[in-house]
Amino acid sequence: ILTGKPGTGKTMLSLIIYQMLAKQRYTVKYESSLDWLSNLIQHKYNSLSTYHTNVKPYETASLLVLDEVTESLSKDGA
């Protein structure tokens, strides 16, 4: 978990790590937290098998980057 004030390089650092792992053929996934939550909520109410199919890529990734988690906690991003 990378935490800190805006503009301190958390996203840049996570993308550098992402690129290094991807070059070494690890399974990596990057997504904004809002897209990630929307995807899970959208598929949660379909069949259980559909939900598990959509969650699987997140569970099996060697690195999962969920960017801007605090922005998904409030409407104004504060």
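The figures that follow rest on heavy atoms only: side chains count, while hydrogens, waters and symmetry mates do not.
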Item to check | From Lys23 atom NZ to Leu21 atom CG, the distance as rounded to the nearest 0.5 Å | outcome: 11.0 Å
Checklist entry - Quick one: side chain to side chain contact (heavy atoms under 4.5 Å, CB included) partners of Ser32, sequence neighbours excluded? => result Leu34, Asp35
Item to check | Nearest-0.5 Å distance that lies between atom CG in Leu37 and atom CG in Leu66 | outcome: 8.0 Å
Taking only distance into account, with no hydrogens and no angle test, what donor-acceptor pairs under 3.5 Å do side-chain atoms of residues 10-18 form with protein atoms, sequence neighbours excluded?
residue : atom : partner : partner atom : Å
Lys10   : NZ   : Gly4    : O            : 3.2
Lys10   : NZ   : Lys5    : O            : 2.9
Thr11   : OG1  : Asp67   : OD1          : 2.9
Thr11   : OG1  : Asp67   : OD2          : 3.1
Ser14   : OG   : Lys10   : O            : 3.4
Ser14   : OG   : Thr11   : O            : 2.8

Checklist entry - Any link between Met20 and Tyr30 through a network of hydrophobic side chains (Ile, Leu, Val, Met, Phe, Trp, Tyr) touching at under 4.5 Å? => result no
Checklist outcome for this item: CG (Leu64) and OG1 (Thr27) are apart, to the nearest 0.5 Å, by 11.5 Å
Next on the checklist: Within this structure, what is the OG1-NZ distance for the pair Thr60 and Lys29, rounded to the nearest 0.5 Å?
Outcome noted: 9.0 Å
Next on the checklist: Is it the case that atom OH in Tyr58 sees more than 12 heavy atoms from other parts of the structure closer than 6.0 Å?
Outcome noted: yes
